[in-house]
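I have placed the structure first, in the form of structure tokens, so that the comments after it can refer back to it.
In each ligand, atom 1 is the first atom listed, and ligand 1 is the first ligand listed. The figures here come from the full heavy-atom set of this structure, side chains too, leaving out hydrogens, waters and symmetry mates.
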Amino acid sequence: MPQLPRILVYMLLIGGCLALIPPLVFARMRATPSPNRPIHIFYDMDFQPKFKTQAPNPLFADGRAMRPPVEGTVARGESYVDTHLFEGVAAGGWATTLPGSMAMDEATLQRGHQRFDIYCSACHGYAGFGDGAVNQRAMELVANANGPVNGTQWVAAKSLHDETTRNQPMGQLFNTITHGIRNMAGYGSQITVEDRWAIAAYVKALQLSQDAPAN
Ligand code: HEC
């Protein structure tokens with residue numbers, strides 16, 4: 001077998017080692033944080049002269065870039081001044097009735113029933129006793145003889161027939177559905193305002209159905 005000239009072997013070895021440097025530098029740069037901006041070859045619209053949320057702006061007397069609506073502004077389309085409808089609050093307390101735009105009738109309760117089964121029953125159970133499938137499974141994982149499976153942590157979904165929840169006005173239920181409570185997430189972004197009220201009304205009906213006195 002013909003021998004490669006020694007000098008060529010050395011050059012190939014050195015060249016091979018040097019060729020490793022750029023990828024190693026890249027790998028290191030990618031893995032270490034840096035206070036500098038990344039190199040932008042195409043700026044797109046990444047850097048724009050603008051004021052970001054909460055940024056100061058010396059142009060205005062109060063030094064704020066974010067401007068409140070001009071006095072006397074009238075909402076067009078979306079208005080949230082109806083506290084009964086949007087916050088469940090009427091006359092300074094939790095509302096005890098549906099907002100004026102909704103009727104407490106069969107259709108509302110049926111809608112609430114259907115939405116409850118979709119959004120709430122997984123944890124609270126179809127009848128609201130806090131025994132939904134997700135809850136049962138989580139309790140099983142937590143109660144495992146060898147300790148919680150995969151470190152599962154779980155706060156049991158409350159029974160909606162508990163004394164405390166039973167006595168809650170509809171507006172408070174609406175608020176819980178909208179914003180969540182303690183370990184329960186809110187559903188304001190997923191369920192429309194009217195459907196949240198329909199669910200609250202249905203929960204009230206569920207409570208009446210389960211806790212009816214014998215007489
Ligand atoms: C992913 C599970 C889960 C779903 C889905 C869920 N909840 Fe809950 N809910 C909980 C848990 C857990 C608690 C108890 C939270 C705590 O005590 O930290 C709770 C508590 C509540 C309470 C008691 C509030 C109080 O004042 O103590 C109400 C009422 C309630 N949920 C209603 C609903 C309604 C209505 C829905 C459907 C829109 C719903 N929940 C969907 C898990 C869930």
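Evaluated by nearest non-hydrogen atom to atom 20 (C) of ligand 1, the leading choice among Arg115, Arg182, His124 is His124. Looking at Gln168, Arg166, Met184 and measuring to atom 25 (C) of ligand 1, the nearest heavy atom belongs to Gln168.
Taking the ring centre of Tyr202 as origin, the terminal cationic atom of Arg115 falls outside the region bounded by 6.0 Å and 45° from the ring axis.
Taking every non-hydrogen atom of Ile177 and a distance limit under 4.0 Å, the qualifying atoms of ligand 1 come out as 35 (C), 38 (C). The Asn183 neighbourhood of ligand 1 comprises atoms 15 (C), 16 (C), 18 (O), with distances under 4.0 Å to a heavy atom of that residue. Taking a cut-off of under 4.0 Å to the non-hydrogen atoms of Tyr119, the atoms of ligand 1 that pass are 5 (C), 37 (C), 41 (C). Within ligand 1, counting atoms from 1 as listed, the ones closer than 4.0 Å to a heavy atom of Thr165 are 29 (C).
Closest to atom 38 (C) of ligand 1 among all protein heavy atoms lies Cys120 SG, 2.7 Å. The nearest heavy-atom contact from the protein to atom 12 (C) of ligand 1 is Val155 O, 3.3 Å. Cys123 SG, 2.7 Å is the protein heavy atom nearest to atom 3 (C) of ligand 1. Here the heavy atom of the protein found nearest to atom 24 (C) of ligand 1 is Ile181 CG2, 3.8 Å. The nearest protein atom to atom 5 (C) of ligand 1, hydrogens excluded, is given as Tyr187 OH, 2.9 Å; this is a heavy-atom distance. Here the protein heavy atom with the shortest distance to atom 11 (C) of ligand 1 is Ala157 CA, 3.6 Å. If you check which protein heavy atom lies closest to atom 28 (C) of ligand 1, you get Leu160 CD2, 3.6 Å. In terms of protein heavy atoms, atom 23 (C) of ligand 1 is closest to Lys158 CD, 3.9 Å.
Taking a 4.0 Å cut-off on heavy atoms, Val134 fails to register as neighbouring ligand 1. The closest approach between a heavy atom of Thr164 and any atom of ligand 1 is not below 4.0 Å. Taking 4.0 Å as the cut-off, Ala185 does not count as a neighbour of ligand 1 on heavy-atom distance.
At least one donor-acceptor pair under 3.5 Å links the side chain of His161 to the backbone N or O of Ala127. Asn135 places a side-chain N or O within donor-acceptor distance of the main-chain N or O of Ala157, the cut-off being under 3.5 Å.
Scanning both residues, His84 and Trp197, for their nearest heavy atoms gives O-CZ2, 2.9 Å. Smallest separation of non-hydrogen atoms from Met139 and Ala156: CE-CB, 3.8 Å. Met104 and Ala201 make their closest contact through CE-CB, 3.9 Å (heavy atoms, listed as atom of the first residue, atom of the second, distance).
Within a 6.0 Å radius of CG in Asn150, no more than 12 heavy atoms belonging to other residues, nucleotides or ligands are found. Other residues, nucleotides and ligands contribute only 12 or fewer heavy atoms inside 6.0 Å of the OH atom of Tyr43.
Using a 4.0 Å cut-off between heavy atoms, Leu173 contacts ligand 1 through its side chain alone, with no backbone atom that close. Under 4.0 Å from ligand 1, the heavy atoms of Ala156 that appear belong solely to its backbone.
For His179 and Tyr187, the distance between ring centers is not under 6.0 angstrom.
The pair Arg111-Asp105 does not count as a salt bridge, with every side-chain nitrogen at least 4.0 angstrom from each carboxylate oxygen.
Using modelled atom types, one finds no donor on one side chain facing an acceptor on the other under 3.5 Å when comparing Gln110 with Gln114.
Leu98 and Leu109 fall within the same hydrophobic cluster, where Ile, Leu, Val, Met, Phe, Trp and Tyr residues are linked whenever their side-chain heavy atoms come under 4.5 Å apart, directly or through other members.
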